[in-house]
Amino acid sequence: MEAENLLEISSLCVRYPGAEATALRDVELVLKAGQITCVIGESGSGKSTLFHSILQLPGRVEITQGSVRFRGNDLKAMPKQRLRELRGKGIGAVFQEPGASLDPIRPIRRQFYETLRAHDAAVTVRKAEEKAEEILRALEFSDPHRILKSCPAQLSGGMNQRVAIALAMAPEPDILLCDEPTSALDVTVQAQIVEELMRLRETFGTCILLITHNMGVVAKMADHVAVMYGGRIVEYGPRKDVLHAPAHPYTRALMEAIPTLDGRTPKGIPGRRPDVFPEKGCAFAPRCRMSCKECETRGMIRHTISGDHWTLCPEEVNRGD
Ligand SMILES: Nc1ncnc2c1ncn2[C@@H]1O[C@H](COP(=O)(O)OP(=O)(O)O)[C@@H](O)[C@H]1O
Ligand SMILES: [Mg+2]
């Protein structure tokens, strides 16, 4: 059976209030139940903007065109109260800094209680604690009691990020959005968090959207990969296809920029990412090995490589062929 489409993003354009430039352009993405999608791309390519477009926190980003649909319901048309209910229960979020989701000086068990209470007024302190313990055990915390009694200010950054993931998982969201949840942590803790996220998918069938710049994480976790540049998804497809047979010149450059273990210096992507992306044409054209003059003015064309592997390029014929 085909997995259900939990989230459907179509022709999405967004901007930040007060900013003139469009931050996301014509983004197309479908998240299916039980699947892990990784979003990669250099900093400034629009990954966090995508995260905020799905989360729809008040005042963050403004949808100017297109839609984000959760189980068929357009978020833009949703009353504020329903959006609040959806956040946490339908769509959970883990931020880059655990401080964004945790209060440093409130006991963690209290924070679990409040999170669960927000979605179920009948939850008792005791029930909340049982639930918190169950989640912490599922995530293989060795001493859930100690954690629940502690305040985040008493724990390490890595431990707090693991707690933030557990807290986001407490209401059992259908989708978990993670914006670079491992980037501030050391390698051992990063690996532990990757294991935990994979366990969540195994245990709860959670659909995960993970923003990361760590290709090792992508190679281990992703079912699908979305590559962003200039506020667009420029390539999308199954992990194997995107990592081993990338079709977009930008994805190829990204792959060549990965440091190797044998100490060879990676090539790096030529040129510099501009601060503001052009409204017209391909944003990557000035840095692209294969671009021609028209690329800077032409519209983007979606090329299907095979199945659901596609790439966006202004050329009539995909240059990667
Ligand atoms: N709060 C904001 N106000 C205005 N522009 C923003 C804001 N946050 C990000 N941007 C712009 O949106 C673009 C994408 O940024 P972002 O989504 O944070 O990239 P990434 O997460 O991939 O590093 C950048 O050009 C950035 O300057
Ligand atoms: Mg970001």
Side-chain angles (χ1 to χ4, degrees), residues 7 9 11-29 31 37-66 68 75 91-101 157 161 164-165 168 175-185 190 193 197 208-215 217-218 221-222 224-236 242 248 250-251 253-255 257-258 268-269 271-287 296 300 312:
L7 197 87
I9 299 179
S11 310
L12 180 70
C13 298
V14 310
R15 65 185 182 96
Y16 283 92
E20 275 192 18
T22 310
L24 289 189
R25 297 145 208 254
D26 297 321
V27 167
E28 302 281 334
L29 185 67
L31 302 184
T37 305
C38 286
V39 182
I40 57 174
E42 285 168 293
S43 100
S45 57
K47 304 181 300 297
S48 295
T49 308
L50 178 65
F51 175 94
H52 287 293
S53 306
I54 300 171
L55 206 53
Q56 285 289 303
L57 287 167
R60 284 310 288 254
V61 290
E62 196 182 303
I63 295 179
T64 53
Q65 266 183 62
V68 180
L75 298 194
I91 304 173
V94 179
F95 297 82
Q96 183 170 353
E97 296 297 331
S101 23
Q161 190 59 293
I165 292 172
I175 303 175
L176 186 68
L177 306 178
C178 304
D179 191 357
E180 307 210 30
T182 63
S183 60
L185 308 171
Q190 282 189 23
I193 285 177
L197 290 172
I208 299 175
L209 182 80
L210 176 73
I211 295 170
T212 179
H213 57 246
N214 185 330
M215 289 296 183
V217 170
V218 179
M221 287 187 66
H224 285 88
V225 180
V227 184
M228 292 195 76
Y229 189 79
R232 298 182 193 270
I233 293 180
V234 296
E235 180 159 2
Y236 172 86
V242 176
H248 196 283
Y250 177 63
T251 317
L254 260 187
M255 297 303 158
I258 304 172
I269 304 173
R272 216 186 127 253
R273 181 187 69 82
D275 291 329
V276 178
F277 290 103
E279 288 295 323
K280 266 179 45 187
C282 174
F284 190 59
R287 302 172 72 184
E296 298 191 22
M300 302 297 271
L312 213 58

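The basis for the numbers below is simple: all heavy atoms, side chains too, and nothing from hydrogens, waters or symmetry mates. Ligands are counted one by one from 1 in listed order, and the atoms in each one are counted from 1 as well. These figures come from a predicted structure and were not determined experimentally. In this chain, residues are counted from 1 in sequence order.
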Query raised in the report: For atom 17 (O) of ligand 1, is some protein heavy-atom partner under 4.0 Å away?
Result: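 Yes, because at least one protein heavy atom sits under 4.0 Å from atom 17 (O) of ligand 1.
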Report task. Establish whether atom 4 (C) of ligand 1 and some protein heavy atom are separated by less than 4.0 angstrom. Result ->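 True for atom 4 (C) of ligand 1.
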Considering only non-hydrogen protein atoms, determine which one is nearest to [atom] and report residue, atom name and distance to 0.1 Å.
atom                    : answer
atom 15 (O) of ligand 1 : T49 OG1, 3.7 Å
atom 27 (O) of ligand 1 : D275 O, 4.8 Å
atom 10 (N) of ligand 1 : Y16 CE1, 3.3 Å

Query raised in the report: After noting the C-alpha distance and the side-chain angles of Q96 and I211, does the key distance pass the side-chain contact (heavy atoms from CB on, under 4.5 Å) rule?
Result: CA-CA 9 Å; Q96 183 170 353; I211 295 170; over 6 Å; no
Report task. Evaluate the side-chain contact (heavy atoms from CB on, under 4.5 Å) criterion for residues H248 and V227: first the C-alpha distance (whole Å), next the side-chain angles of each, then the deciding distance (0.1 Å), finally the verdict. Result -> CA-CA 9 Å; H248 196 283; V227 184; over 6 Å; no
Query - Straight-line distance of M228 CE to S45 OG, nearest 0.5 Å - result: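 M228 CE to S45 OG: 6.0 Å, rounded to 0.5 Å.
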Query raised in the report: If you round to the nearest 0.5 Å, how far is NZ of K47 from NE2 of H213?
Result: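 Here the rounded value is 8.5 Å.
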Query raised in the report: For atom 22 (O) of ligand 1, which of M228, R60, H213, K47 has the closest heavy atom?
Result: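 Comparing heavy atoms across M228, R60, H213, K47, the nearest one to atom 22 (O) of ligand 1 lies in K47.
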Report task. Please report the C-alpha distance between L50 and I9 in whole Å, then the side-chain angles of each, then the deciding distance to 0.1 Å, and finally whether the side-chain contact (heavy atoms from CB on, under 4.5 Å) criterion is met. Result -> CA-CA 10 Å; L50 178 65; I9 299 179; 3.9 Å; yes
Query raised in the report: Do any of the N/O/S atoms of S48, backbone or side chain, fall under 2.8 Å from the Mg ion (ligand 2)?
Result: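 Given the 2.8 Å cut-off, S48 counts as a ligand of the Mg ion (ligand 2).
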Check whether any N or O atom of [X], backbone or side chain, sits under 3.5 Å from an N or O atom of ligand 1, and answer yes or no.
X   : result
S48 : yes
A19 : no
G44 : yes

**Report entry** T37 side chain to H224 backbone, donor-acceptor under 3.5 Å
**Finding:**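 Not a single qualifying donor-acceptor pair exists.
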Query raised in the report: Counting only N and O atoms by type, is there a donor-acceptor contact under 3.5 Å from the side chain of Q161 to the main-chain atoms of F95?
Result: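 Side chain of Q161 to backbone of F95: a pair is present.
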Query raised in the report: Got a sec: does the CZ of R60 have more than 12 other heavy atoms crowding it under 6.0 Å?
Result: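 Incorrect, the count does not exceed 12.
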Query raised in the report: Short list, please: which atoms of ligand 1 are under 4.0 Å from a heavy atom of S43?
Result: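 Listed by number with element: 23 (O).
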